[in-house]
Novice: 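Got a structure for you, questions after.
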Number of protein chains: 4
Amino acid sequence: MFEQEKKLIDEIARLNEAHLKMTEKQNNIIQAAIEIFSEKGYAASSTSEIAKRAGVAEGTIFRHYKTKKELLVSIVTPTIMKLIAPFILEDVGEVLDKPYNSFREFLYEIMKNRIEFVKKNLPVLKIFVQEIAFHSELQDKYKKYIAEPLFNRIKDIIIYFQEKGEIAELPVYSIIRIVASTVIGFFYMRFLIFPDLEWDDEAEIELTIHFIMSGLSPLKGK
Amino acid sequence: MFEQEKKLIDEIARLNEAHLKMTEKQNNIIQAAIEIFSEKGYAASSTSEIAKRAGVAEGTIFRHYKTKKELLVSIVTPTIMKLIAPFILEDVGEVLDKPYNSFREFLYEIMKNRIEFVKKNLPVLKIFVQEIAFHSELQDKYKKYIAEPLFNRIKDIIIYFQEKGEIAELPVYSIIRIVASTVIGFFYMRFLIFPDLEWDDEAEIELTIHFIMSGLSPLKGK
Amino acid sequence: MFEQEKKLIDEIARLNEAHLKMTEKQNNIIQAAIEIFSEKGYAASSTSEIAKRAGVAEGTIFRHYKTKKELLVSIVTPTIMKLIAPFILEDVGEVLDKPYNSFREFLYEIMKNRIEFVKKNLPVLKIFVQEIAFHSELQDKYKKYIAEPLFNRIKDIIIYFQEKGEIAELPVYSIIRIVASTVIGFFYMRFLIFPDLEWDDEAEIELTIHFIMSGLSPLKGK
Amino acid sequence: MFEQEKKLIDEIARLNEAHLKMTEKQNNIIQAAIEIFSEKGYAASSTSEIAKRAGVAEGTIFRHYKTKKELLVSIVTPTIMKLIAPFILEDVGEVLDKPYNSFREFLYEIMKNRIEFVKKNLPVLKIFVQEIAFHSELQDKYKKYIAEPLFNRIKDIIIYFQEKGEIAELPVYSIIRIVASTVIGFFYMRFLIFPDLEWDDEAEIELTIHFIMSGLSPLKGK
DNA sequence: CATGAATGAGTTTTCATTCAT
DNA sequence: GATGAATGAAAACTCATTCAT
């Protein structure tokens, strides 16, 4: 796990450095590609349209990204890294001892924090959700490199709070499954299915957490 | 609502009739297209590959479906109709009085029944989930023609069981949101994110329902 | 020349007979093809559109006309035959002695008569004018089979009236060229370039003939 | 009218500039397209044949001309502009006072000059004559943008010479109609119907003008 | 670094024609 | 005789990628 953290930190450092080196044109390309990929999907987007919207020549894209797919990966990777970073990077002690005295508080902080992140990065996250299904490059990278560490970390947290008696003694898998699907279900509805409804995010978070905690309460859990 | 039921029944009748008229080759085309669309996505699938896999000439596809998009719509429409049909068609009285004595039982029956349906129609449903984001033809059709009636029906059911005192007196919207996102989150994980894990569906359904009922229990709800 | 007359008479008889045998569907095909060919040109018209407008199955067209080109020839041939028939068929004596006492009168009768014919057969004649340039089948048939006899006949008429002293003793070729181009130029403008202007045909014919006669007058001709 | 002149000058300047920017390949495409369009007609010509004859890849055509129709318009427009330019651009005073002392001389100069132009641009003009009937893009552009200014200019010239007493006081419309149809009829015969005959252009021009002037002479005109 | 003309394999779509029913 | 499903070749057009400038 320590190693995973390190890899991730290195990777993010590398990405940041690469990001700083980016010329203005390169940045325009990325922005244009994000817009167009998220509007029409990767396969239906053409590099020539991206070039046009970025205000560069068609060839310029391929000077920076060998292939169209490399462009896709370059767009999605850093954002996904940053999406899961808080789970992996935060010092366990810190997460569990000082800042969060309860699972409820943990859920609340994570949801509040990630909802802001999602709002800021919605187009890229849309691209990720759409394209993960079709590109083994993305799948390999993320299933093993991201889903697993994320899962392990959350497992620890669950176990910690189970031991503290705050959460029912259900199988950890089940708890993760149900918490994850509730939270992911909320994000999915909030941002993908009905992004145009007027959402009171604070209230929805409260309700979701209340709901999760009811289901996980040790007494009820019996 | 009565009118909605009627429209849906007519539409399903029309689709069934059209289905019966289908040539063998036409059927091959549909099957091949389902496979390929769900494997690579609509935009990345070529009609020539579909023709090859269906064992027909490429021109034959366009004799039956004027455009590639019409082929997509022809594939997705009937399955989606059948997916939501049980919610709309079942006689209210029947649903609420006779067969289901409780919201718990209602959830159980619906989930069991729909999980089977999803298993049988997974490729088409995958296509739907992927493509709905990009095709206004699908969006218009389904948001107004399907999402709305579905929502209305479920609202009635929730209110019915709230009045019976089985569900907490939270705002109906919130209840739907939280129940839907929990159930949809489960389906999404079960079939799209980790379809290859070994799932004990019976147990997962039980857990999900237990979870939902805990969150909605009137006492806890206070 | 006698032989030419005979051939033409036989051909027209054959065409008339064929026309009488035509089924209703066949007639619909011809009418639909005329409309569509003259609207969009032969090459840009599709047999399937013709079938649709004719209310027959696609295969039915090919039961009556082996190829699309045969359909074109079948449409154009009879009308062109009838267009030039009056020049060839009328008994010379009749044309020159009894009915027409002068070249002026000859021009007048021909123009009046043919303008009516053109009005009735405009679409087919449009097709002819458009397509003659591209189809050697049409060219061969019409240049030798129609243009020549027509030319010969008119030559005789010109010579006849030159001998009567009504027309200047210019080379016959030149006279034909100038009369033909004036008359054809008029028809072309009247029916192809500006068919939508309000034309006073009587007056235009008078003017055209006055004009031709001025140019051909023996005195002026000197 | 001044404005029309200016528009035309600007348009011609723009076309010339575009022409200078043309790649060698682009030029090959235009030449190949002219040949093939005029041989078989626009609709019956394929872009693949054009590419082959031009010695370029088929995609190259579409890099320069978004559609096949745009290629057609790009071919026809400049030539038609240049065909009518002498009528619009020449300084009125110059045309009427200095160079041409008579309508006869005006006709002679125009015919001589335009006959040379037509000889040089026959294929493109053939394409124009064939295709104008079917493409509203061409019709709109040319009817309003070319036919009208041309008509107005010629009207002025006719009136000028009528006032000078050289031409009969017939309605201007009629004069234009008859002069135009005679001249156009000549060109049509000379270049489209019998281009393969041996033509003595000088003599034909003389005859045509003699003919027109006879018909328009004020004495005879009465 | 950037350009944009050029490519060629591929895309969706059209269409005249055939043939079993 | 009439149908219309089926075909396969060819149509117009697209697009990721390369490369000389």
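Side chains included, hydrogens not; waters and symmetry mates left out as well; all remaining heavy atoms used. So that the names make sense, note that chain A is the first sequence line, chain B the second, and so on, each numbered from 1. These numbers come from a predicted model, not from an experiment.
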Novice: With a 4.0 Å heavy-atom cut-off, tell me which residues in residues 47-63 of chain B come close to DNA chain F, sorted by residue number.
Specialist: B:Val56, B:Ala57, B:Gly59, B:Thr60, B:Arg63
Novice: The criterion is ring-ring contact (aromatic ring centres under 6.0 Å, His included); which residues satisfy it with D:Phe128, sequence neighbours excluded?
Specialist: D:Tyr142
Novice: Quick one: does D:Ser38's side chain have a donor or acceptor within less than 3.5 Å of a partner on D:Ile34's backbone?
Specialist: yes
Novice: Just to be sure I follow the notation: if a pair is Watson-Crick (purine N1 to pyrimidine N3 plus N6-O4 or O6-N4) or a G-U wobble (N1-O2 and O6-N3), each under 3.5 Å, what dot-bracket string does DNA chain E give, with | for pairs to another strand?
Specialist: .||||||||||||||||||||
Novice: Mind running a 4.0 Å heavy-atom check of residues 38-46 of chain D against DNA chain F and sending the residues that fall below it, in number order?
Specialist: D:Ser45, D:Ser46
Novice: For B:His64 and for D:Thr67, find the nucleotide of DNA chain F with the closest heavy atom, then tell me which residue's nucleotide is more 5'.
Specialist: B:His64
Novice: How would you list, by chain and number, every residue that makes a side chain to side chain donor-acceptor pair (under 3.5 Å) with D:Thr47, sequence neighbours excluded?
Specialist: D:Glu58
Novice: Quick one: ring pair (Phe, Tyr, Trp, His ring centres under 6.0 Å) pairs with a partner in residues 27-75 of chain C, sequence neighbours left out?
Specialist: C:Phe37-C:Tyr42, C:Tyr42-C:His135
Novice: Distance check: side-chain N/O of A:Lys25 vs OP1/OP2 of E:dT3, anything under 4.0 Å?
Specialist: yes
Novice: Can you tell me if D:Gln139 uses its side chain to pair, donor with acceptor, with the backbone of D:Ala133 under 3.5 Å?
Specialist: yes
Novice: I'd like the 5' and 3' limits of the part of DNA chain F contacted by chain B, with heavy-atom contacts below 4.0 Å.
Specialist: F:dA5 to F:dG8
Novice: Among pairs that include at least one residue of residues 23-44 of chain D, which meet salt bridge (Lys or Arg N to Asp or Glu O under 4.0 Å), considering only residues two or more places apart or in two chains?
Specialist: D:Glu35-D:Arg53, D:Glu39-D:Arg53, D:Lys40-D:Glu49
Novice: Using the test side-chain contact (heavy atoms from CB on, under 4.5 Å), find all partners of D:Leu15 that sit at least two apart in sequence or belong to another chain.
Specialist: D:Glu11, D:Thr77, D:Pro78, D:Met81
Novice: Whole angstroms only, please: what is the NZ-P distance between A:Lys66 and E:dC1?
Specialist: 16 Å
Novice: Who passes side chain to side chain donor-acceptor pair (under 3.5 Å) against B:Glu70, sequence neighbours left out?
Specialist: none
Novice: Tell me, please, which residues at least two apart from B:Glu137 pass side chain to side chain donor-acceptor pair (under 3.5 Å).
Specialist: B:Lys69
Novice: With B:Thr23, which residues qualify under side chain to side chain donor-acceptor pair (under 3.5 Å), at least two apart?
Specialist: none
Novice: Rounded to whole angstroms, how far apart are CD1 on B:Ile29 and P on E:dT12?
Specialist: 14 Å
